[in-house]
**Q** 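Structure incoming, see below.
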Amino acid sequence: MIIHRVVLNSRPGKNGNPVAENFRVEEVSLPDAINEGQVKVRTLYLSVDPYMRCRMNEDTGSDYLTPWQLSQVTDGGGIGLVEESKHANFTKGNFVTSFYWPWQTKAILDGNILEKVDPNLVDGHLSYFLGAIGMPGVTSLVGIQEKGHIVAGANQTMVVSGAAGACGSLAGQMNQNSHIILCGQISQYNKDVPYPPPLPPDIEAIRKERNITRERFMVLNYKDKFASSTLQLSQWFKEGKLKIKESVINGLENMGVAFQSMMTGGNTGKQIVCISEDTSLQSP
């Protein structure tokens with residue numbers, strides 16, 4: 001079977017801006033047969049995310065991210081449909097997700113990296129599992145609950161900065177005894193700087209003077225809260241309390257375009273790439 005996949009064509013450099021041409025599409029052959037423990041899937045939706053910029057470097061600067069290799073298939077969050085399974089947990093027609101989904105039209109995956117998803121939790125909008133009802137949503141919820149020190153009825157003000165690396169303007173908005181949560185700084189990802197980047201001396205002086213605390217947050221440290229957080233987000237969505245926005249680009253050939261757009265602020269809400277669609281929506 002001939003399929004299409006996306007590979008890393010070139011690296012932008014640690015201080016360079018990624019462009020669509022850093023990726024290329026290839027035709028490759030996928031085996032017809034699968035082995036025990038494997039699952040053959042058709043890709044429905046793929047995610048592009050800021051953290052992937054670090055994976056374009058030879059050194060990601062992180063011990064939990066591995067670099068993409070030149071001329072090798074790229075991967076990330078994905079949703080797909082099981083077409084054939086030799087894994088006990090999955091059957092044909094299941095919808096599944098993984099953080100390690102190859103950017104391919106179809107794939108044969110180790111069933112152990114997959115997780116079933118229930119379309120009923122998102123009213124059939126499967127791509128939401130890559131955004132508001134997935135890792136980004138869980139990151140927001142857990143970050144506020146665990147690190148935000150938000151108390152109902154306490155008359156607090158919460159500032160959310162989409163470009164969290166703009167420390168000057170961020171610190172200027174903070175009052176006495178404020179708390180800054182650091183979780184992703186897309187504005188810094190095209191620069192060869194440590195994470196979190198150090199504050200300029202004048203901003204650091206303001207931080208200390210106003211007793212502003214600054215704390216790093218990583219959602220991977222809260223895996224025990226993923227399931228309950230996903231259910232809570234789904235409930236809020238169904239109740240109309242959670243408004244979800246997406247930017248969707250169609251076609252595997254546009255993965256690089258979607259990535260470049262996401263890195264330059266071209267998206268509103270989660271950036272998704274639709275690879276193929278399925279209307280059967282068979283619940284697991």
Side-chain angles (χ1 to χ4, degrees), residues 6 8-23 45-68 74-79 97-103 127-144 147 159-167 169-170 180-198 214-222 226 244-249 254-274:
V6 175
L8 185 64
N9 187 50
S10 58
R11 301 188 191 276
K14 284 194 171 184
N15 294 295
N17 295 319
V19 294
E21 290 73 23
N22 291 133
F23 303 92
Y45 299 98
L46 292 173
S47 173
V48 290
D49 300 280
Y51 80 88
M52 294 174 173
R53 174 62 184 86
C54 304
R55 301 191 68 188
M56 299 181 79
N57 299 330
E58 289 186 87
D59 179 5
T60 65
S62 171
D63 56 2
Y64 63 91
L65 289 178
T66 57
W68 285 330
T74 42
D75 66 333
I79 298 281
T97 186
S98 174
F99 296 128
Y100 310 102
W101 200 287
W103 291 5
S127 59
Y128 288 0
F129 284 119
L130 298 177
I133 317 296
M135 184 61 70
V138 171
T139 301
S140 300
L141 178 59
V142 175
I144 291 172
K147 298 293 185 180
V159 178
V160 179
S161 171
C167 296
S169 60
L170 181 62
I180 301 173
I181 309 168
L182 297 173
C183 184
Q185 292 182 288
I186 189 172
S187 66
Q188 303 297 304
Y189 286 174
N190 292 331
K191 302 175 183 177
D192 187 12
V193 294
Y195 183 82
R214 186 172 182 248
E215 182 180 11
R216 182 179 180 181
F217 164 71
M218 187 164 63
V219 72
L220 295 179
N221 293 331
Y222 296 88
F226 284 9
I244 300 177
K245 293 184 178 182
E246 286 185 323
S247 292
V248 180
I249 293 179
N254 289 316
M255 290 298 296
V257 172
F259 187 86
Q260 181 178 352
S261 176
M262 177 271 301
M263 288 297 297
T264 53
N267 56 299
T268 299
K270 184 73 182 74
Q271 181 66 68
I272 296 291
V273 181
C274 177

**Q** Between CZ of F259 and CD1 of I249, what distance do you get to the nearest 0.5 Å?
**A**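 F259 CZ to I249 CD1: 12.5 Å, rounded to 0.5 Å.
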**Q** Parallel, tilted or perpendicular, judged at 30° and 60°: which one describes the rings of F23 and W68?
**A** perpendicular
**Q** If we only count heavy atoms from C-beta on, is the N57 to R11 side-chain gap below 4.5 Å?
**A** no
**Q** Find the distance between OG1 (T74) and CH2 (W103) and round it off to the nearest 0.5 Å.
**A**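 Going from OG1 on T74 over to CH2 on W103, the span is 4.5 Å.
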**Q** Side-chain contact test, heavy atoms from C-beta onward, threshold under 4.5 Å: evaluate it for L46 versus L130 and give yes or no.
**A** no
**Q** Is it the case that the side chain of S247 and the backbone of T268 share a donor-acceptor pair, with hydrogens and angles ignored and the cut-off at 3.5 Å?
**A** yes
**Q** How long is the span from the SG atom in C54 to the NZ atom in K14, to the nearest 0.5 Å?
**A** 9.5 Å
**Q** Heavy atoms only: give me the nearest R55-D75 pair and the separation to one decimal.
**A**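 Looking at all heavy atoms of both residues, the shortest contact is NH1-OD1, 2.9 Å.
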**Q** Which pair of heavy atoms, one from V257 and one from A20, lies closest together, and at what distance?
**A**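 Nearest pair, atom of V257 first, then A20: N-CB, 3.7 Å.
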**Q** Might you point out which heavy atoms bring T60 and L65 nearest each other, and give the distance in Å?
**A**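 Minimum heavy-atom separation between T60 and L65: OG1-O, 2.8 Å.
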**Q** For K270 and S47, work out which heavy atoms get closest and say how close.
**A**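 In this case the closest contact between K270 and S47 is NZ-OG, 2.6 Å.
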**Q** Between I133 and I244, is there a side-chain heavy-atom distance shorter than 4.5 Å?
**A**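 The answer is yes, as the side chains (C-beta and beyond) meet within the 4.5 Å cut-off.
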**Q** What distance do F99 atom CZ and D49 atom CG have between them, rounded to the nearest 0.5 Å?
**A** 10.0 Å
**Q** Quick one: list whatever passes side chain to side chain contact (heavy atoms under 4.5 Å, CB included) with N22, sequence neighbours left out.
**A** S10, P12, P18, V19, M56
**Q** What pairs with R53 under salt bridge (charged side-chain N to carboxylate O under 4.0 Å, His left out), at least two apart in sequence or on another chain?
**A**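 Per chain and number, R53 pairs via salt bridge (charged side-chain N to carboxylate O under 4.0 Å, His left out) with no residue.
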**Q** What residues, two or more places apart in sequence or in another chain, satisfy side chain to side chain contact (heavy atoms under 4.5 Å, CB included) together with S261?
**A**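 Listed in chain order: Q271.
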**Q** Side chains of F217 and V142, heavy atoms from C-beta outward: is any pair under 4.5 Å?
**A** yes
**Q** Going by side chain to side chain contact (heavy atoms under 4.5 Å, CB included), name the residues that satisfy it together with S98, two or more places apart in sequence or in a different chain.
**A** Y100, W101, I113, L114
**Q** Atom OG1 in T264, atom CE in M262: separation rounded to 0.5 Å?
**A** 9.0 Å
**Q** Taking the side chain as everything from C-beta on, heavy atoms only, tell me whether V219 gets closer than 4.5 Å to M135.
**A**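 Sidechains of M135 and V219: in contact.
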**Q** Is the backbone of N17 close enough, under 3.5 Å, to the side chain of N190 for a donor and an acceptor to pair up by distance?
**A** no
**Q** Under the salt bridge (charged side-chain N to carboxylate O under 4.0 Å, His left out) test, which residues partner E215, sequence neighbours left out?
**A** K147
**Q** First locate atom CD1 of I181, then atom CZ of R216, and finally report the distance between them rounded to the nearest 0.5 Å.
**A**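 Going from the CD1 atom of I181 to the CZ atom of R216 covers 14.0 Å.
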**Q** Could you list the residues that satisfy side chain to side chain contact (heavy atoms under 4.5 Å, CB included) with S127, not counting sequence neighbours?
**A**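 With sequence neighbours excluded, S127 shows a side chain to side chain contact (heavy atoms under 4.5 Å, CB included) to Y45, E246, I272, given in chain and number order.
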**Q** State whether a side-chain donor-acceptor pair under 3.5 Å links D192 with N15.
**A**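 Checked: D192/N15 side chains show no N/O donor-acceptor pair below 3.5 Å.
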